[in-house]
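Scroll down for the structure; my scribbles are underneath it.
Per chain, numbering begins at 1; letters A, B, ... match sequence-line order.
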Amino acid sequence: MLDPKRIRNEANILAEKLRLKKFDLDIEKLAILDGQRKALQLETEALQNERNSKSKLIGKAKAAGEDVSEILAGMESIKKDLESKKEKLDELQNALNDYLQGVPNIPDDDVPAGDDESANKIVDTWGSPAQFEFEIKDHSELGEALDLGLDFATATKLTGARFVVMQGHIARLHRALIQFMLDIHTNEHGYRELNVPYIVNAESLYGTSQLPKFGEDLFKLEHEQDFYLIPTAEVPVTNIVRDEILEAENLPLKYTAHTPCFRSEAGSYGKDTKGMIRQHQFEKVEIVQIVKPSESGAALEELTKHAEVILQRLELPYRKVVLCGGDLGFGSAKTYDLEVWLPSQGTYREISSCSCFTDFQARRMQARWRNPDTGKPELVHTLNGSGLAVGRTLVAILENFQREDGSVQIPAALKPYMNGVEILN
RNA sequence: GGAGGGGUGGCAGAGCGGUUGAAUGCACUGGUCUUGAAAACCAGCGAGGGUGAAAGUCCUCCGAGAGUUCGAAUCUCUCCUCCUCCGCCA
């Protein structure tokens, strides 16, 4: 959520910036609503004040044994008046709040303009795609051909479309990737490893802004309480700081967690129907940082680098792109996508998305730090990125390290995790 | 699942219908004292919001929500959550 004060004071500037994100800020509607709010709030609070001071008078008078009927006389009308005003005020504030909840974050100044992904800018390219002397296969062909490999048919029986069963060496490779990623982030990049709930409440989803706008992407549980399966570890991990005031010396907080992610993938029916690219359940190693506002720009660069290291160690060719305004996520001020080379598609596909949310999530969560310069609680900045999406990393390895006979070489960096297995066949 | 007891400021812990946003202690910040530190003493010290140029001022918040009342941290109801005991269980 944006700062309501800022919207009040700089509506035109913000509207201009939000146009980059293809969002049309309704300044007029906001001005009207806020004008009504202001008037009504003043009246309501004046009435509350009157009620409070008269009630205190009654208390005093009673203690002194005096007659209170005179003071009591006007109270009934104040009460009624207050009740109706309060109700209207609540309605107004809800309407304002609903609107503000739907306003996306302001893009950073260096975010390129553009309507869709075609306007994203390539920042960096690492490695070069291998040249194959034979006809290449895609990951599902490769995986299904393996004796102990990918088994989509069984998963369909067990559950339905967009799930997979991994067997034997592939399952091990999947597990090895998780260990490998977590080890690097904890040992080399300074993140604390967390194990978190895979089910969260609605409040947490509001905090990181999956709700109220993106509820259709979530799996909701049938339960007395509003419980949801997490769509990403970002939700439980970032919400750790919800309603907290952090001490400056404890910042930055750097967390990593491996979790499954559950997405209903509503509205993506035609896309990536084959294979493991888009599943209802996949696993991810997430990295999250909670930082002082002045440090969030540098933190995004660092965090993205941390995700890149994984790709480099795995010898997977990739490129780094900065998302243009139109492609930027709802809460993000700036996002780098890391895209890995997929030989079967002859293109780069997203394998990590690293974003800085500035104070957007922090305001929703009331996640603050005590600024020693002011002594006051101020909002933190939050960042997160995939480091990396495990299923897609597995796909990339299968495809990039495939050999003519359909076997797959394991990248050297994973050898310590594979119990001697060097080739999948 | 059953039975009982709790949830108050950074922490501990009073308050159980009226001048209580909340005693007291610890912690923290500033000051006095001291060569310096400690101790002692004095003062300050929750969060969110409105309004205002500012000083200030007003409103809201004692797990959450609803209710009773002129007035609720205090009374009633529902929910959440924690602890102890019993049962079941990976």
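- We find that CG of A:D359 is positioned 14 Å from P of B:G48, with the value rounded to whole Å.
- At a threshold of 4.5 Å between non-hydrogen side-chain atoms, the residues A:I351 and A:E339 do not count as touching.
- Residue A:R370 has no polar side-chain atom (N or O) positioned under 4.0 Å from OP1 or OP2 of B:G10.
- For A:F357 and A:H381, the ring centers are positioned 6.0 Å apart or more.
- Remark: the separation of the P atoms in B:G71 and B:U84 is 41 Å, to the nearest Å.
- The C1' atoms of B:C58 and B:C42 are separated by 31 Å, rounded to the nearest whole Å.
- Between B:C80, B:C70, B:G48, one nucleotide has an atom nearer to the side chain of A:M75 than all others, and that is B:C70.
- For B:G17 and B:U76, the C1' atoms lie 13 Å apart once the distance is rounded to whole Å.
- The aromatic ring centroids of A:F214 and A:F330 lie less than 6.0 Å from each other.
- Taking 4.0 Å as the cut-off between side-chain N and carboxylate O, A:K17 and A:D109 count as a salt-bridged pair.
- Pairing of B:U57, defined by two Watson-Crick or G-U wobble distances under 3.5 Å, is identified with B:G50.
- With P as the reference atom, B:C86 and B:G18 are 41 Å apart, rounded to whole Å.
- Between the base of B:G18 and the side chain of A:K56 there is no donor-acceptor pair shorter than 3.5 Å.
- Taking atom C1' in both B:C82 and B:U29, the straight-line distance is 33 Å, to the nearest Å.
- Using a cutoff of 4.0 Å between basic side-chain nitrogens and carboxylate oxygens, A:K292 and A:E378 are not scored as salt-bridged.
- Ring pair A:H189/A:Y191 is perpendicular by interplanar angle, where above 60° counts as perpendicular and below 30° as parallel.
- Near-neighbour residues of RNA chain B inside residues 83-104 of chain A, defined by a heavy atom below 4.0 Å, are absent.
- Tested against A:I287 for a side chain to side chain contact (heavy atoms under 4.5 Å, CB included), the candidates A:V237, A:L303, A:I310 yield a single pass: A:L303.
- Using atom P as the reference point in both B:G13 and B:C83, the two lie 16 Å apart (nearest Å).
- Salt-bridge formation is not detected for the pair A:K38/A:D34: no Lys NZ or Arg NE/NH1/NH2 atom is positioned less than 4.0 Å from an Asp or Glu carboxylate oxygen.
- A salt bridge links A:K274 with A:D138: the distance from a Lys NZ or Arg NE/NH1/NH2 to an Asp or Glu carboxylate oxygen falls below 4.0 Å.
- Between A:E224 atom CD and B:C79 atom C1' there is a gap of 11 Å when expressed in whole angstrom units.
- Under a 4.0 Å N-O distance rule, the pair A:R278/A:E265 qualifies as a salt bridge.
- For the pair A:R364 CZ and B:G48 C1', the computed distance is 18 Å after rounding to whole Å.
- B:U69 atom P lies 15 Å from atom CG of A:L82, rounded to whole Å.
- Contact annotation: A:R8 side-chain N/O to B:G49 OP1/OP2 distance is not under 4.0 Å.
- Using modelled atom types, one finds no donor on one side chain facing an acceptor on the other under 3.5 Å when comparing A:N201 with A:Y228.
- Pairing of B:C33, defined by two Watson-Crick or G-U wobble distances under 3.5 Å, is not identified with any nucleotide.
- A salt bridge does not link A:D115 to A:K22: none of the charged nitrogens lies less than 4.0 Å from a carboxylate oxygen.
- Shown here, B:U76 forms a base pair with B:A66; the pair counts as Watson-Crick or G-U wobble because both key distances fall under 3.5 Å.
- Base pairing of B:A39 is not made with any nucleotide, judged by Watson-Crick or G-U wobble geometry with both donor-acceptor distances under 3.5 Å.
- Here B:G18 presents its C1' atom at 12 Å from CD1 of A:I71, a figure rounded to the nearest Å.
- Following rounding to the nearest Å, A:K62 (NZ) and B:G71 (C1') show an atom-to-atom distance of 9 Å.
- Pairing for B:C45 is absent, with no Watson-Crick or G-U wobble pair whose two atom distances lie under 3.5 Å.
- For the contact set between residues 30-54 of chain A and RNA chain B, defined by any heavy atom under 4.0 Å, the members are A:R37, A:K38, A:Q41, A:E45, A:Q48, A:N49, A:R51, A:N52.
- Closest to the A:S55 side chain, of the nucleotides B:G18, B:U19, B:U69, is B:G18.
- When each of A:I58 and A:P377 is assigned the nucleotide of RNA chain B bearing its nearest heavy atom, the one mapping closer to the 5' terminus is A:P377.
- One C1' atom belongs to B:C16, the other to B:G2, and the distance between them is 30 Å to the nearest Å.
- We find that CZ of A:F227 is positioned 15 Å from P of B:C79, with the value rounded to whole Å.
- Within the shown strands, B:G2 is the pairing partner of B:C85 under the Watson-Crick or G-U definition, both distances less than 3.5 Å.
- Backbone-only engagement by A:Q366 is indicated by non-hydrogen atom pairs under 4.0 Å involving sugar-phosphate atoms exclusively.
- Atom name P, nucleotides B:C61 and B:G25: the rounded distance is 28 Å, in whole Å.
- Between A:D243 atom CG and B:G9 atom P the separation is 13 Å, expressed in whole Å.
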